[in-house]
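Counting starts at 1 for both ligands and their atoms, in listed order.
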Amino acid sequence: MSSSALKTFPGGLHPPDSKQATAGKPIELSPLPVELILPLSQHIGAPAEACVEVGEFVLKGQMIGRAKGFVSVPIHASTSGEVIAVEPRIHPSGRLLPSIVIKPDGEESWCELFPADPEKLTAAELIERILQAGIVGMGGATFPTHVKLSPPDDKPIDTLILNGVECEPFLTADHRLMLEAPKQILAGINILRKILQVEKTWIGIEANKPDAIALLQELCAGTGIEVVPLAVKYPQGAEKQLILALTGREVPSGSLPMEVGVVVQNVATAAAIATAVIEGKPLVDRVGTISGPLIKKPKNLRFHCGTPLQHLVDLCGGIEHPPAKILAGGPMMGQTQLTLEAPATRGTSGLLLFAKEDLPLRPQTPCIRCGRCVQVCPAGLLPTTIAAYVRLDLIEAAEQTSAMDCIECGCCSYSCPAAIPLVQSLRQAKGMILEKRRGA
Ligand code: SF4
Ligand code: SF4
């Protein structure tokens, strides 16, 4: 199929994909670090509440933090060992947040597990297992999966979309997972289909992963699941853009995918769901891509949640110079890290290290009204106008111009010839609007 015939969305851009360093590298298992730092917040929503004390011995998979509320998930020990601290530690967000620190005993002894046959469980029982296993969106969003799977009665879901796009440059963890664990992904999809009772299931994959597309198409033949190659364009994997590309349905401004009858789950989340339901194992590890120009031996690693970033860097040959930029996630939407002491968590899809010379340091100049930021914005916004409203403190105007629909993809900043940090202004606008709404 020619690239012009592939499904996609309006706007977006084509950054260099930089995936060649790891796309062909099989997933390696990370050995245990000296200590694991497990933040009680590894998800969107209320942080979990610690339910272990210093000095306690814990088993792998044991719950160490209880979910606190509906939009929350429990946290589990990612190996067996001793709890050596329950205290604030540096979090990937850059803040000091409550964490449980485990000194591994090296045995990897699991707690008692309760495997199950998904066919014999009801939808409610499957959702409960997913909640108790602490499953969250593993594409990086970390939204609790059980919440997405529990739409209100007046929002019928007819379509399930599996996100295997992985459009961020450098990242290849989902690509490798699709190649190495396709049956597990398929088992997870079947659990999701049983829960949601959808008419249609799609797996969307960017066309730059032809091996994964061919493999999943073969496995899905006769199952009613359609594997669709998508145009290679950033941010093809953003939820609303993926829904539009595959179904032609547009999620209205300010709404969630359930508004148009769709649930989207990442392929790694589907694999974690299968592990949780069938093997009874909670989410205690994940695959991430460790790459970037400063990394000597880029790899795809399956690491224990709570592994310090420094340990992952050491496993990839270490670094010769201090990094000028550390990113958890991809280069477009990843989170800047202040230190390699922070842990990799359930949402860490990648770790990228850059030297100073790798960073484009263009001086900011005045806007030349070229309109590129408008052309590339996949949400159809006017980034330069909203940035001006922020400068002038016109928050209502920013709200009326749909600033809250910004998905923070960074396309506007990336394409701006004047190097104006538009995405920062959009983030600021969203923060100010939320603050205004809270105060209203
Ligand atoms: S305004 Fe938001 S959604 Fe639009 S390009 Fe910029 S960051 Fe992306
Ligand atoms: S891309 Fe930059 S220079 Fe061009 S209109 Fe937008 S803000 Fe102005």
Query raised in the report: Taking only heavy atoms of V423, which atoms of ligand 1 are found under 4.0 Å from at least one of them?
Result: 7 (S)

Report summary line: protein heavy-atom neighbour closest to atom 8 (Fe) of ligand 1 works out as C409 SG, 2.3 Å

Query - Closer than 2.8 Å to atom 8 (Fe) of ligand 2 - protein N, O or S atoms, ordered by chain and residue number - result: C367 SG

Query raised in the report: Any chance CD of E87 has more than 12 other-residue heavy atoms, nucleotides or ligands included, within less than 6.0 Å?
Result: yes

Query raised in the report: Closest approach of I407 and P378, non-hydrogen atoms and distance?
Result: CD1-CG, 4.1 Å

Query - salt bridge (charged side-chain N to carboxylate O under 4.0 Å, His left out) contacts in which one or both residues fall within residues 320-336, not counting sequence neighbours - result: K296-E320

Query raised in the report: Which atoms of ligand 1 are found less than 4.0 Å from any heavy atom of C406?
Result: 1 (S), 2 (Fe), 3 (S), 7 (S)

Query - Stepwise side chain to side chain donor-acceptor pair (under 3.5 Å) check, T172 with T22 - result: CA-CA 6 Å; T172 58; T22 53; 2.7 Å; yes

Query raised in the report: Can you list the steps and then say if M258 with I157 is a side-chain contact (heavy atoms from CB on, under 4.5 Å)?
Result: CA-CA 7 Å; M258 69 169 89; I157 303 297; 3.9 Å; yes

Query - I407, portion touching ligand 1 at heavy-atom distance under 4.0 Å - result: both

Requested in this report: Give the atoms of ligand 1, by number and element, whose distance to some non-hydrogen atom of C412 is under 4.0 Å.
Outcome: 1 (S), 5 (S), 6 (Fe), 7 (S)

Query raised in the report: Which bit of P383 gets closer than 4.0 Å to ligand 1, counting heavy atoms only: side chain, backbone, both or neither?
Result: side chain

Query - Residue L426 vicinity, atoms of ligand 1 by number, heavy atom under 4.0 Å - result: 1 (S)

Report task. May I ask you to list the atoms of ligand 1 that are less than 4.0 angstrom from any heavy atom of E408? Result -> 2 (Fe), 7 (S)

**Report entry** Geometric cation-pi criterion, K233 with F9: 6.0 Å, 45°
**Finding:** yes

Report task. For the pair T201 and R193, evaluate side chain to side chain donor-acceptor pair (under 3.5 Å) and give the outcome as yes or no after the intermediate values. Result -> CA-CA 8 Å; T201 304; R193 291 171 95 192; 3.2 Å; yes

Query raised in the report: Between F70 and H146, does the ring centre distance come in under 6.0 Å?
Result: yes

Requested in this report: Before giving the answer on side chain to side chain donor-acceptor pair (under 3.5 Å), spell out for N300 and H175 the whole-Å C-alpha distance, their side-chain angles and the decisive distance to 0.1 Å.
Outcome: CA-CA 10 Å; N300 289 301; H175 183 184; over 6 Å; no

Report task. Check whether any N, O or S atom of C377 sits under 2.8 Å from atom 8 (Fe) of ligand 1. Result -> no

**Report entry** Distance-only side-chain donor-acceptor flag, T275 / Q184, under 3.5 Å
**Finding:** yes

